[in-house]
Amino acid sequence: MTRALPHSEIVMSRVINLAKAWTLEDHLGGGGFGTVYRAHNEDGAVAAIKLVPKVAGRSRELLLAQDVSGLPNVVGLEDFGEDGGEYILVMPLADRSLDDELEGRGAPVPVDEAIPILVDLASGLEGVHGRKVVSRDIKPANVLLVAGEWCLSDFGIGRYAAADTGPFTFKNFGSEPYVAPERWRGETATTQADIYSFGVVAHQMLAGELPFQGPEFGDQHQFEAPPRLPGVPPKLASLVFECLDKAPEARPTAANILHRLQNMGTAAGPGAELLRIANAAEVERRAQVSAFMAAAEAYADRRERLAKSAIERLNAIIQTLAEMIAEDAPQAAQGTSAGNAAWGRSLGSATIFCGPTLPVDDNSLTSQSGLFDVIAYSSIGVRISDDAWDYNGRVHSLWFCDAVEKGVYRWYETAFLSISESPTILPFDLPPGPDAALAL
């Protein structure tokens, strides 16, 4: 009877023949879309070997790794190739990751220790971005200490900055606590997305925790300003906040970051220090404004999309109503003389009609009543010939709102009465404004 070998035993017996023969040893972890093992060659040298399955789009990691290999502060390739159904990347064995470093500390990294680490990261980014490569996955787990220097690693979801969008771009991949606002909006990642992630890592190091704690990382990255960095020199705090700007165009380049970090310890007189403090305050203020503007823009875009949906849905409802009338009352005439109606049908002296669909710009209904949010409104009514009391019909409000379940928008019908007046239209409609709010 044959016993199936456990995975670890199978791996330990595997030899991969590249420029040299490598024997796999311990499993070290995973990165991107591959698995990493410790290995040794026939000369006794040890290395880390990453095995990447040959699946559509994943050859890019090998291509990018070759392109950036040899750059300062980037984990280079000692060997590479293919073996069966896998791409093979042989890299130097790291002492530890920045993730291990931060977890081991359990506290903020002192400024004098943080700056050299950030210099290494900025140096790596400058080189990578110089090759027009975007990592899209800058995070502590992908920063490795190799031969005494902190280096960028793992380009499993990287891309070329100028590359066209293709079928296997891994556009929506990334580590949520570090993903830039524009990527949450589905925009193409540029080098400035890496700068934002660099800012998150820097903030995490200096504060001892992530700037945004989740779980709603998407909203936080897009619309919230990062917390302050008490105890951090204004010059460094300003740089971090600039990296975390919501607008990609407002973030510094890797080269600019590196230059500023390398000159961070330059002695300054009292006047210069006051200027740095003032500049840090202005950068923080702009971060607050940027977050507010991003939230306002997203709010406006959301309302615009919902208003478009409202029009489409109401048109579908009216079309159904028109078909029912055409079937059950074929003598009904199209058109209407009822005010500013957008649609109507008349039969004898009676007219049914719908008013135009209008977006709601005034949110006083929401702010005053606190009940629900109205995106658009219209009306539906029936007019008849005046009777002996001058009564000539009724009109109801149609509101596209989240009246039943917060955040779930539908068309709802409501109407209003007055006990102090005797209108000829009763009940009547109201737009979602102050009068409606008072009635509610």
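Reckoned from all heavy atoms, side chains included, excluding hydrogens, waters and symmetry mates. We're numbering straight along the sequence, starting at 1.
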Query - Heavy-atom pair of closest approach, residues Val90 and Ala47 - result: CG1-CB, 3.8 Å
Query raised in the report: Within the distance-only criterion (no hydrogens, no angle test), does the side chain of Arg303 pair as donor or acceptor with the backbone N or O of Val360 below 3.5 angstrom?
Result: yes
Query - salt_bridge(Asp79, Lys20) N-O dist < 4.0 Å - result: no
Query - Closest contact, heavy atoms only, Tyr409 versus Leu306 - result: CE1-CD1, 3.8 Å
Query raised in the report: In this structure, are over 12 heavy atoms from other groups packed under 6.0 Å from Glu413 atom CD?
Result: yes
Requested in this report: Answer yes or no: is there a side-chain heavy-atom contact under 4.5 Å between Arg183 and Tyr196?
Outcome: no
Query raised in the report: Between Trp184 and Val179, is there a donor-acceptor pair closer than 3.5 Å when you use the side chain of the first and the backbone of the second?
Result: yes
**Report entry** Side chain proximity check, Trp343 to Ile352, heavy atoms < 4.5 angstrom
**Finding:** yes
Query raised in the report: How many angstroms lie between CZ in Phe212 and CD in Gln222, if you round to the nearest 0.5 Å?
Result: 11.0 Å
Requested in this report: Give, for atom CD1 of Ile257 and atom CE of Met264, the distance between the pair rounded to the nearest 0.5 Å.
Outcome: 10.0 Å
**Report entry** Crowding at CD, Glu103 (>12 non-hydrogen neighbours, <6.0 Å)
**Finding:** no
Query raised in the report: Do Pro177 and Phe217 have side-chain heavy atoms sitting under 4.5 Å apart?
Result: yes
Report summary line: Exactly one candidate in Ile49, Thr23, Asp83 meets side chain to side chain contact (heavy atoms under 4.5 Å, CB included) with Arg14; the answer is Asp83
Query - Flag, side chain of Arg251 to backbone of Gln192, donor-acceptor distance under 3.5 Å - result: yes
Query raised in the report: Within the side chain of Ser379, is there an N or O that forms a donor-acceptor pair under 3.5 Å with the backbone of His396?
Result: no
Query raised in the report: Side-chain contact, heavy-atom cut-off 4.5 Å: Leu24 with Leu51?
Result: yes
Query raised in the report: OG1/Thr188 to CD/Glu182 distance, rounded to the nearest 0.5 angstrom?
Result: 10.0 Å
Report task. Taking Asp402 for its side chain and Gly407 for its backbone only, find out whether a donor-acceptor pair lies under 3.5 Å. Result -> yes
Report task. Walk me through it: do Leu118 and Phe198 pass the test side chain to side chain contact (heavy atoms under 4.5 Å, CB included)? Result -> CA-CA 9 Å; Leu118 295 175; Phe198 170 90; 4.0 Å; yes
Query raised in the report: Step by step, would you call Ile317 with Leu398 a side chain to side chain contact (heavy atoms under 4.5 Å, CB included)?
Result: CA-CA 12 Å; Ile317 293 171; Leu398 299 177; over 6 Å; no
Query raised in the report: Atom OG in Ser378, atom CG in Leu358: separation rounded to 0.5 Å?
Result: 7.0 Å
Query raised in the report: Would you call Glu101-Arg105 a salt bridge at under 4.0 Å N-O?
Result: yes
Requested in this report: Flag yes if more than 12 heavy atoms outside Arg96 fall under 6.0 Å of its CZ atom; otherwise flag no.
Outcome: yes
Query raised in the report: His221 side chain to Glu176 main-chain N or O, any donor-acceptor pair under 3.5 Å?
Result: yes
Query raised in the report: So how far is it from Leu121 CG to Asn142 CG, rounded to the nearest 0.5 Å?
Result: 11.0 Å
Query raised in the report: Mind checking whether Leu98 and Met205 have side chains closer than 4.5 Å, heavy atoms only?
Result: yes
**Report entry** Euclidean distance, Cys243 SG relative to Asp194 CG, rounded to 0.5 Å
**Finding:** 11.5 Å
Report task. Please report the shortest heavy-atom distance between Ala237 and Val232, naming the atom on each side. Result -> N-CG1, 3.8 Å
Query raised in the report: Tell me, do Leu229 and Leu236 make a side-chain contact under 4.5 Å, heavy atoms counted?
Result: no
Query raised in the report: Does the side chain of Leu314 reach to within under 4.5 Å of the side chain of Ile318, using non-hydrogen atoms?
Result: yes
Query raised in the report: How far apart are the closest heavy atoms of Ala436 and Trp399, and which atoms are they?
Result: CB-CH2, 3.8 Å
Report task. Apply side chain to side chain contact (heavy atoms under 4.5 Å, CB included) to the pair Gln204 and Leu102, showing each step before the final yes or no. Result -> CA-CA 9 Å; Gln204 180 181 4; Leu102 298 181; 4.0 Å; yes
Query raised in the report: Angle class for the His27/Tyr37 ring planes (parallel below 30°, perpendicular above 60°, tilted otherwise)?
Result: perpendicular
Requested in this report: Taking all heavy atoms of Ala122 and all of Ala254, pick out the closest pair and write down the distance.
Outcome: O-CB, 4.2 Å
**Report entry** Heavy-atom closest pair, residues Ser397 and Phe416
**Finding:** OG-CE1, 3.8 Å
Query raised in the report: Taking the side chain from Asp99 and the backbone from Pro140, do they hold a donor-acceptor pair closer than 3.5 Å?
Result: no
Query raised in the report: Would you find a donor on one side and an acceptor on the other, under 3.5 Å apart, between the side chain of His203 and the backbone of Pro227?
Result: yes
Report task. Kindly say whether Val404 contributes a backbone atom to a donor-acceptor pair with the side chain of Arg410 at under 3.5 angstrom? Result -> no
Query raised in the report: Hey, is the main chain of Ile311 close enough, under 3.5 Å, to the side chain of Thr357 for a donor-acceptor pair?
Result: no
Query raised in the report: Going by distance alone, is a donor N or O of one side chain under 3.5 Å from an acceptor N or O of the other, for Asp120 and Ser123?
Result: no
Query raised in the report: Where do Val143 and Val201 land on the side chain to side chain contact (heavy atoms under 4.5 Å, CB included) test, with the steps shown first?
Result: CA-CA 10 Å; Val143 178; Val201 173; 5.7 Å; no
**Report entry** Heavy-atom side-chain proximity of Asn256 to Arg260 below 4.5 angstrom
**Finding:** yes
**Report entry** Flag for Asp137-Tyr178: side-chain donor and acceptor within less than 3.5 Å
**Finding:** no
